[in-house]
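Quick caveat: nothing in here was measured; it's all calculated off a predicted structure. Atoms within a ligand are numbered from 1 in the order they appear, just like the ligands themselves. Residue numbers count from 1 along this sequence.
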Amino acid sequence: MRLSGATRVAGVVGRPIVHSMSPILHNAWLAAAGIDGVYAPFSTEPGRFTAFAQSLRGGSVAGLNVTLPFKGEALALADEATFRATSAQAANVLVFREDGTIFADNTDGLGMLGAFAEQAPGFDPTSGPVVVLGAGGAARGAAAAFVEAGCPQVRIVNRTVARAQEIVSALGGAAYGLPQAAQALEGVVAVVNATSAGLSGSEGLDIPLEAAPAEAVVMDMVYKPLETPFLAAAKASGRRTVDGLAMLIGQAVPSFEYFFGQAPPKTVDVRALAIEALGL
Ligand code: NAP
C-alpha cells in the first residue's frame, strides 16, 4: 500500500476492535480499486468515545464505522441522522463533513436486505409479515429496515417481551414472548435471528420453525459459525437461508460509498477473504 499526502482516511472504532473484519474488507476494496485511501482500526477507552469522534469534525478523517459499545453514543453526537439510524437508536456510520457537521446512518439493515437479495433472490419484503427474533440493537435495526422497505407487519419475538414491546411502540408491528413464537411464525415470508443465541460455544435458539410456511426465508445474523444450528435446521427442512456474513459484507458496501465516494469494486472476493480471516 502506498500512502500519499492526499490519502483519504477512514476507519472503524469500537472496543474491542481487534476482531473487526471491516479493515480487511475496506482495504481489499481500496487496493482493488486503486484508490489512494486507507481504512484503520481505532479503539478508545469507554468514556472517551465522544471526545474522540468530536475531535474529527472537519473532515480530516472522512468517516468512521462504529461498532459495539459506541453505536448509541455515535447517534447522539451527530447533527443529522437517517430514519434508519434514529429508528434503530444506533449509528454504525459517521461521516465527518468539511463544514464541521457530522452525519450518521445505520447500514446494518441495508446489509441485511442486501444479504436477502444476494442469497434469496426474488425475496420481496412487501409480500407478507416477517418475524425478527431478538430485541437488541441488531433486531431494532432489522425491524426499521423492514418497515422502511414496506413490509406489512414486523413481529418481534424476544425472551424479554417488554424489550420487544419497546420496539413495537416505536415502529409498529406486534410483540411476542418465546412461548408465543409458533403463533408469531404463522404466515410469515421471512424469519431473522437477531439474537446472540447460536454464537460459537452458545446454545442455539429453540424455536418451532415448522410453524413458519415452507417458503419462508430464514436468516441468521450470527456468522461464526457460518452455518448456525438455526440455519442448519432451516436448510434441513428445505427452506432457503441467508447467512450473517452476507449481511456483514452488505453493511460495509454503503459505508465504503460514504467514505470513498464510489461503490466497492466487484473484482475482489471479500467473502473468501473474510472466511479465511475468521477461520470459518
Ligand atoms: P444485544 O443488544 O446484546 O441483544 C441480544 C438479543 O439476544 C436480546 O434480544 C436477547 O434477549 C437475545 N438473547 C441472547 N441470548 C439468548 C438466548 N439464549 N435465548 C434467547 N434470546 C437470547 O445484541 P445485538 O447487538 O442486537 O446483536 C445480536 C446478534 O446479531 C449478535 O450475535 C451480533 O453478533 C449479530 N449481529 C450481526 C451483524 C452482521 O453484520 N451479521 C450485525 C449486527 C449484529 P433478551 O432481551 O431477553 O436479553
Side-chain angles (χ1 to χ4, degrees), residues 12 14-17 19-22 24-26 65-75 84-85 87-93 105-116 118-119 131-145 154-168 175-181 184 191-209 218-231 241-256 270-271 274-275 277-278 280:
V12 57
R15 192 171 182 91
I17 201 62
H19 301 297
S20 173
M21 281 295 107
S22 296
I24 292 170
L25 302 178
H26 286 269
N65 282 121
V66 182
T67 186
L68 298 177
F70 303 127
K71 290 182 176 188
E73 278 178 82
L75 178 66
R84 293 187 290 264
S87 350
Q89 296 181 346
N92 75 328
V93 172
D105 196 359
N106 190 320
T107 63
D108 281 339
L110 287 179
M112 179 194 71
L113 293 174
F116 271 89
E118 183 192 328
Q119 296 190 342
V131 157
V132 175
L133 304 167
R140 197 177 263 273
V154 181
R155 302 173 183 170
I156 310 288
V157 178
N158 196 42
R159 184 172 59 182
T160 311
V161 71
R163 295 188 75 198
Q165 260 145 3
E166 275 174 38
I167 300 182
V168 167
Y176 301 80
L178 288 178
Q180 290 82 46
V191 185
V192 175
N193 177 29
T195 73
S196 39
L199 279 173
S200 294
S202 75
E203 291 260 313
L205 261 188
D206 189 14
I207 288 289
L209 209 45
V218 177
M219 180 192 179
D220 201 329
M221 288 195 188
V222 172
Y223 54 83
K224 194 166 186 178
L226 195 52
E227 186 174 282
T228 60
F230 185 62
L231 285 189
T241 60
V242 177
D243 64 48
L245 187 55
M247 171 174 171
L248 182 75
I249 295 167
Q251 63 75 33
V253 170
S255 304
F256 187 92
V270 288
R271 185 175 167 91
I275 285 174
L278 288 163
L280 296 175

- Task: With sequence neighbours left out, write down each residue that passes salt bridge (charged side-chain N to carboxylate O under 4.0 Å, His left out) with Glu227, or none if nothing qualifies.
- Result: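 Counting only residues at least two positions away or on another chain, Glu227 forms a salt bridge (charged side-chain N to carboxylate O under 4.0 Å, His left out) with Lys235.
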- Main-chain N/O of Arg84 paired to Asn106 side chain as donor or acceptor, under 3.5 Å: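 Judged by distance alone, no pair lies under 3.5 Å.
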- Task: Return yes if some donor-acceptor pair links the side-chain N/O of Gln180 with the main-chain N/O of Gly177 below 3.5 Å, else return no.
- Result: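 Side chain of Gln180 to backbone of Gly177, a donor-acceptor pair under 3.5 Å: yes, one is there.
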Would you say [X] and [Y] make side-chain contact, with heavy atoms under 4.5 Å?
X      : Y      : value
Val192 : Met221 : yes
Phe230 : Val222 : no
Ile207 : Leu178 : yes

- Given Arg163, Arg159, Met221, which one has a non-hydrogen atom that is nearest to atom 8 (C) of ligand 1?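 Among Arg163, Arg159, Met221, the closest heavy atom to atom 8 (C) of ligand 1 comes from Arg163.
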- Task: Check each of Thr195, Asp243, Ile249, Val157 against atom 21 (N) of ligand 1 and report the one with the nearest heavy atom.
- Result: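 It is Thr195 that holds the nearest heavy atom.
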- Item | ligand 1 contacted by Ala194 (non-hydrogen, < 4.0 Å) |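 Yes.
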Got an N/O contact under 3.5 Å between [X] and ligand 1?
X      : result
Ala135 : yes
Gln251 : no
Lys71  : no

Using a 4.0 Å cut-off to any heavy atom of [X], which atoms of ligand 1 qualify?
X      : value
Gly134 : 9 (O)
Val222 : 32 (O)
Tyr223 : 41 (N)
Gly137 : 2 (O), 26 (O)

- Message: Heavy atoms only, cut-off 4.0 Å: how does Thr160 contact ligand 1, side chain, backbone, both, or neither?
- Response: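 Near ligand 1, Thr160 shows its backbone as well as its side chain.
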- Per-residue contact class, Leu248 against ligand 1 - non-hydrogen pairs under 4.0 Å: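 Contact part for Leu248 vs ligand 1: both backbone and side chain.
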- Who passes ring pair (Phe, Tyr, Trp, His ring centres under 6.0 Å) against Phe256, sequence neighbours left out?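 In terms of ring pair (Phe, Tyr, Trp, His ring centres under 6.0 Å), with neighbours along the sequence ignored, Phe256 is linked to His26, Trp29, Phe260.
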- Message: Is it the case that the side chains of Ser22 and Asn65 hold a donor-acceptor pair, with the cut-off being a distance below 3.5 Å and no angle test?
- Response: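 Per modelled atom types, Asn65 and Ser22 side chains form no pair under 3.5 Å.
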